[in-house]
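Taking it in order: structure first as structure tokens, then the write-up.
Basis for what follows: all heavy atoms, side chains included, without hydrogens, waters or symmetry-related copies. Note that this is a predicted model, so its numbers are computed, not measured. Residue numbers start from 1 in every chain, and the chains themselves are labelled A, B, ... in the order their sequence lines are given, proteins ahead of strands.
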Amino acid sequence: MYESVAAEAFSRELLAWYRRGNRDLPWRRSKNPYYIWISEIMLQQTRVDTVIPYFNRFIERFPTVRDLAEAPEEDVLKLWEGLGYYSRARNLQAAAKEIAEKHGGEIPADKAAVSGLKGVGPYTSGAILSIAFNLPEPAVDGNVMRVLSRYFCLEEDIAKPAARVGIEGLARELIPEGAAGDFNQALMELGALVCTPRSPHCLTCPVMEHCAARLSGRQEELPIKTKAKKPKPQHRLAVLIEDANGRVLARQRPEQGLLARLWELPHIEAPLEAWSNDDVAPGWLATTFALEGMNVRTTGFLGDAEHVFSHLHWFVRIWGADRVSFDRAIRDDMAGAAAGLLGEEAVRESAASYERDEQSASEAGELPAGYRWIDREDFERLAWPNLFRKILSEHFSREGDYDQTF
DNA sequence: AAGCCGGGGAC
DNA sequence: GTCCCAGGCTT
């Protein structure tokens with residue numbers, strides 16, 4: 001058990017500090033559980049300033065749980081475009097449907113029911129229950145782990161899942177009677193504004209008096225957190241293909257995994273040697289797309305783009321291309337050629353062979369599944385990862401050439 | 001326990 | 001460049 005004087009002072013002073021004044025945020029203007037829920041999902045691993053415009057657009061378009069439950073998935077994804085972690089959008093709508101069916105369209109004030117909603121974990125569950133319903137549940141996020149690690153000089157590695165469980169127990173004990181919502185928000189407010197990751201503002205902190213880290217001069221050392229691994233580099237070749245009407249060939253990503261269901265330019269992974277060699281890359285592109293039965297020929301280098309994810313670092317080289325057709329015969333031929341794809345020579349050879357046969361390919365042809373020609377209106381309606389949104393925004397606005405870095 | 005899953009702001 | 005953010009899901 002922790003020293004009760006320090007613990008009681010912490011809860012009392014922090015709550016008073018929060019109630020003297022706090023940030024005016026859109027989701028704080030009511031206790032509408034639907035607003036609280038949407039905001040908490042959006043705030044997962046996402047800063048307040050980023051979320052605000054997304055939140056306002058979202059509740060304007062989907063004012064209630066039922067509006068969200070009945071919306072086309074495409075619309076939900078478009079409003080989520082740029083926020084990241086797109087499974088949140090799918091889970092949100094799945095949960096909305098469950099709430100509409102099982103709970104009459106109202107967020108249940110029940111721990112088991114809320115915790116069972118898709119996309120709602122321990123943190124979000126506690127946040128909804130405490131903020132919307134003032135139930136005495138802890139809501140431990142990164143802010144709270146940092147603040148309590150410092151105040152109580154906890155030396156557990158907060159990068160480990162076990163640390164959150166322990167801090168949750170502590171946070172539960174600290175909740176003042178009847179003030180769970182304000183107290184939990186006060187903890188996060190302190191972490192965001194005062195007890196910041198670097199250079200904490202101890203001199204203006206409402207709980208500095210009994211803060212164990214400050215008293216021992218260790219506020220810059222805590223919390224202890226092991227470093228994350230660096231994103232793995234991945235080299236990708238993309239093609240920008242325009243048809244006679246100025247439409248661009250795009251495709252939709254699979255339902256699961258990275259950037260699920262978002263739209264993108266066709267692209268493939270390539271070894272660094274093929275990616276960076278302008279003599280090899282065109283053959284690699286032609287050969288790989290031929291495996292899908294798609295006939296493309298590069299016309300020239302357009303530009304480079306880069307995109308960093310949590311665990312991946314994409315280096316995307318964009319090539320212009322033309323002569324698109326689709327033919328199952330090509331795909332079947334190339335499947336055989338692919339068996340010999342073990343080196344650059346093989347790539348050149350099969351691509352050249354493919355070029356010779358290309359005249360016999362059917363010109364009309366359907367496109368492979370998921371592929372579409374998109375015009376400017378399509379571009380604006382569909383959801384894209386930032387990387388491709390920038391490239392296509394440039395393309396459709398026709399400013400300059402592509403010989404640049406996006 | 002570790003990996004997967006975005007994007008951006010602050011330093 | 002680094003860190004990390006009102007985390008959750010899957011294996």
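- Rounded to whole Å, atom P of C/dA6 lies 16 Å from atom CD1 of A/Ile36.
- Between A/Tyr35 and A/Phe55, the ring-plane angle classifies as perpendicular under the 30° and 60° cut-offs.
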Note to self: Go through it in stages, so that I can follow the logic: the residues are A/Trp17 and A/Val194, the test is side-chain contact (heavy atoms from CB on, under 4.5 Å), and I'd like the CA-CA distance, side-chain angles, deciding distance and then a yes or no.
What the structure shows: CA-CA 12 Å; A/Trp17 169 79; A/Val194 179; 4.0 Å; yes
Notebook entry, point to check: Are A/Glu81 and A/Lys78 close enough, and set up right, to give a salt bridge (Lys or Arg N to Asp or Glu O under 4.0 Å), and what steps lead you there?
Noted result: CA-CA 5 Å; A/Glu81 182 188 44; A/Lys78 182 62 183 177; 2.9 Å; yes
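- Counting non-hydrogen atoms under 4.0 angstrom, A/Val51 reaches nothing in the nucleic acid.
- Nearest to the side chain of A/Asp141, among B/dA1, C/dC4, C/dG7, sits C/dG7.
- Nucleotides B/dC5 and C/dC5, compared at atom C1', are 15 Å apart to the nearest Å.
- Side-chain contact annotation: A/Arg389 with A/Asn386, donor-acceptor N/O pair under 3.5 Å present.
- With rounding to whole Å, A/Lys118 atom NZ is found 10 Å from C/dC9 atom C1'.
- Computed from coordinates, the A/Trp37 CH2 to C/dG7 P distance equals 18 Å when rounded to whole Å.
- Other residues, nucleotides and ligands place more than 12 heavy atoms under 6.0 Å from the NZ atom of A/Lys31.
- At B/dG3, one or more side-chain N or O atoms of A/Lys229 fall inside 4.0 Å of OP1 or OP2 (strictly under the cut-off).
- Interface remark: the A/Arg23 side chain does form a donor-acceptor pair with the C/dA6 base, using a distance-only criterion of under 3.5 Å.
- With A/Ile241 as the partner, the side-chain contact (heavy atoms from CB on, under 4.5 Å) test is satisfied by one option alone out of A/Leu249, A/Thr298, A/Leu265, A/Val248: A/Leu249.
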Check: Using a cut-off of 4.0 Å between protein heavy atoms and nucleotide atoms, how would you tag nucleotides 4-11 of chain B 5' to 3' with B, S and -?
Finding: SBBBBBB-
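- Look at the C1' atom in both B/dG6 and C/dC4: the space between them is 13 Å, to the nearest Å.
- Nucleotide C/dC4 holds its C1' atom 11 Å from the CE atom of A/Met145, rounded to whole Å.
- Taking atom C1' in both B/dG8 and C/dC9, the straight-line distance is 23 Å, to the nearest Å.
- Spacing of C1' atoms, C/dT10 relative to B/dG7, comes out at 22 Å, to the nearest Å.
- A/Met188 places its CE atom 9 Å from the P atom of C/dA6, with the value rounded to the nearest Å.
- A/Leu25 comes within contact range of at least one nucleobase, with a heavy-atom separation under 4.0 Å.
- Across residues 119-127 of chain A, A/Gly119, A/Val120, A/Gly121, A/Pro122, A/Tyr123, A/Thr124 each have a non-hydrogen atom less than 4.0 Å from an atom of DNA chain C (numbered order).
- Looking at A/Asp322 and A/Thr299, their side chains never bring a donor and an acceptor atom within 3.5 Å of each other.
- In this model, a donor atom of one side chain and an acceptor atom of the other lie less than 3.5 Å apart for A/Thr124 and A/Gln44.
- Note on A/Arg146: only backbone sugar-phosphate atoms sit closer than 4.0 angstrom, heavy atoms only; bases stay farther off.
- Between A/Phe388 and A/Trp314, the ring planes are perpendicular. Angles over 60° get that label, and only those under 30° would be called parallel.
- Between the CD1 atom of A/Ile38 and the C1' atom of C/dA6 there is a distance of 15 Å, rounded to whole Å.
- Counting only residues at least two apart or on different chains, the ring pair (Phe, Tyr, Trp, His ring centres under 6.0 Å) pairs with a member in residues 222-248 of chain A are A/His235-A/Trp275, A/His235-A/Phe315.
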